[in-house]
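Working notes, structure below.
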2 protein chains.
Amino acid sequence: MNIECHNIIDNQMSIFSVLNDDEKEQLKKHSTCTYYKKNDIIYKEGDKPNGLICLSKGKVKIFKEGVGGREQIVRMAKPVGFIGYRALFADQNYLASAEAIEDSVICTIEKETLYKLLTSNSDLSFSIIRSLASELGFSNNRTVTLTQKHIRGRLSESLLFLKDTYGLEEDAATIKVYLSREDIANLSNMTTSNAIRTLSTFASEKIIALDGRKIKILDLKGLERISELG
Amino acid sequence: MNIECHNIIDNQMSIFSVLNDDEKEQLKKHSTCTYYKKNDIIYKEGDKPNGLICLSKGKVKIFKEGVGGREQIVRMAKPVGFIGYRALFADQNYLASAEAIEDSVICTIEKETLYKLLTSNSDLSFSIIRSLASELGFSNNRTVTLTQKHIRGRLSESLLFLKDTYGLEEDAATIKVYLSREDIANLSNMTTSNAIRTLSTFASEKIIALDGRKIKILDLKGLERISELG
DNA sequence: TTGCATTTATGTTAAATAACATACAAATGT
DNA sequence: ACATTTGTATGTTATTTAACATAAATGCAA
């Protein structure tokens, strides 16, 4: 039934590995599974969180609407990872929206159950503190990157970020996520035109190869160099 | 002796208010006071945190070095607030530097003592989770602001941010912090020249009044409007 | 298939902002 | 009191990037 939820909770990689069997059982009883199609909205800026959302399968983008409706992707989620936990723990409404960029499965854990466990299990609290602290560091880094690097630097950093987040296909070169040029632009703080143009330039420089939405990294060192130089 | 530390720990506004007297005593025994002059560095990017730093008196800027040594201010601290807790809890070295922009007093709480308390007191963990989650929301907001708003929007948002953070003088108009034009620029992601120029423009439009480093807000609504429009 | 919408591609122009140059004022040290 | 540095101010130019325009390619549905 919500076998997907059970898998997450039992997963050795998840933060729930610090829980004992009884605690895990609690979580399983109070969690529900939901299925999303590609392009489905999981939640919207302003919505109220009602539980801890965990991505079991698929890929999700988290983005904010900026000036003139222009969107900025602030995070990309992969399994097994949390979504919207910032708002939940800050006791705020969502400040960003989440949309599935592939068919996805999420598992929602009831807020009350989670909080009860947090009270009794300090290791779980520690895990969450560590997660939030890491992501804050990432966010601060990104602020500097997106504001200070030039277009080529921002784009190459985004490509490296996508590679690090989702990994590579069996050919050890193709980034394992297929975004529209618009999404790549929204991730890299540039217009779609400029994302397309700069990708083409990279391709002509043999740094990457393009085939539709497939992006193959040909010269990793080169990409890293461009990213560092800004 | 470290009376300043004691004040922080007993302060009703600090997150330590959830502790009992015995726990507070523990903290006091394992904390030390340090005094910093204006422009003193408290820690540098890459340093290893060795405790929880709390600002007791003064004002501190947290900034990152970006492309070509250009600095970006990511946070401004005021009493009673924490500094560098992100790196401490993420178990990382500092990703940013902290510098006193006024004579300041900080109180450092030993990591081991803090962690012991976190294990036994879940309310304290909760407080830290909430703080980190709030700051992450702030950071994501800032990313969008700094990348999408135009110069006038970024500068007015920075002025409003400084007002909200440090408050106003008795005249109910002058922002209670005295930054160099360069710092204002580094906060707003622009060059010093453009910060100076745009401040002058705001002054000529009677939105603010300038007197050296004193910035008086004459038209709050106007400033908010400019900030929102981007 | 055909038509229509969307995405991708590329060239041109316009706007925003950084970079640079210079001048002057204020603070600081000797 | 003077020289030296630092901060502030403002004008000019160069560069980056957004905005706009157009068109080809692709995906999708009737």
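In what follows, every chain begins at residue 1, and chains take the letters A, B, ... in the order their sequences are listed. What's counted below: heavy atoms across the whole structure, side chains too, no hydrogens, waters or symmetry copies.
The side chain of Ser193(A) lies closest to dC20(D) when the candidates are dC20(D), dT17(D), dT17(C). Nearest nucleotide to the side chain of Met190(B), out of dT8(D), dA18(C), dA18(D): dA18(C). If you check dT8(C), dA18(D), dC20(C) against the side chain of Ile151(A), the one that comes closest is dA18(D). In this structure, the nucleotide among dT10(D), dA16(C), dA18(D) sitting nearest to the side chain of Ser200(B) is dT10(D).
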With salt bridge (Lys or Arg N to Asp or Glu O under 4.0 Å) as the criterion, how do Arg154(B) and Glu157(B) come out once you've worked through the C-alpha distance, each side chain's angles and the decisive distance to 0.1 Å? CA-CA 5 Å; Arg154(B) 297 204 301 272; Glu157(B) 184 167 300; over 6 Å; no
Could you give me the CA-CA distance, side-chain angles and deciding distance for Glu71(B) and Lys61(B), then say whether salt bridge (Lys or Arg N to Asp or Glu O under 4.0 Å) is met? CA-CA 11 Å; Glu71(B) 84 180 40; Lys61(B) 67 172 173 181; 3.2 Å; yes
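Relative orientation of the Tyr85(B) and Phe82(B) rings is tilted, given thresholds of 30° and 60° on the angle between their planes.
Between Arg75(A) and Glu135(A), at least one side-chain N (NZ, or NE/NH1/NH2) sits under 4.0 Å from a carboxylate O, which counts as a salt bridge. Classification of Lys38(A) and Asp103(A) as a salt-bridged pair fails, no side-chain N sitting under 4.0 Å from a carboxylate O.
For the pair Lys78(B) and Tyr166(B), the cation-pi test (distance below 6.0 Å, angle within 45°) is failed.
Applying the 4.0 Å criterion to OP1 and OP2 of dA9(D), one finds that Arg181(B) has a side-chain N or O inside that range. OP1 or OP2 of dA18(C) sits under 4.0 Å from a side-chain N or O of Thr191(B).
A donor-acceptor contact under 3.5 angstrom links the side-chain atoms of Arg197(B) to the base of dG11(D).
Comparing the local axis fitted to the first five base pairs of the helix from dT1(C)-dA30(D) to dT30(C)-dA1(D) with the one fitted to its last five gives a bend of 40°, rounded to 10°.
Residue Thr192(B) is classed as having no contact, given no heavy-atom separation below 4.0 Å to the nucleic acid. Using a 4.0 Å heavy-atom distance criterion, Arg152(A) is classed as making no nucleic acid contact.
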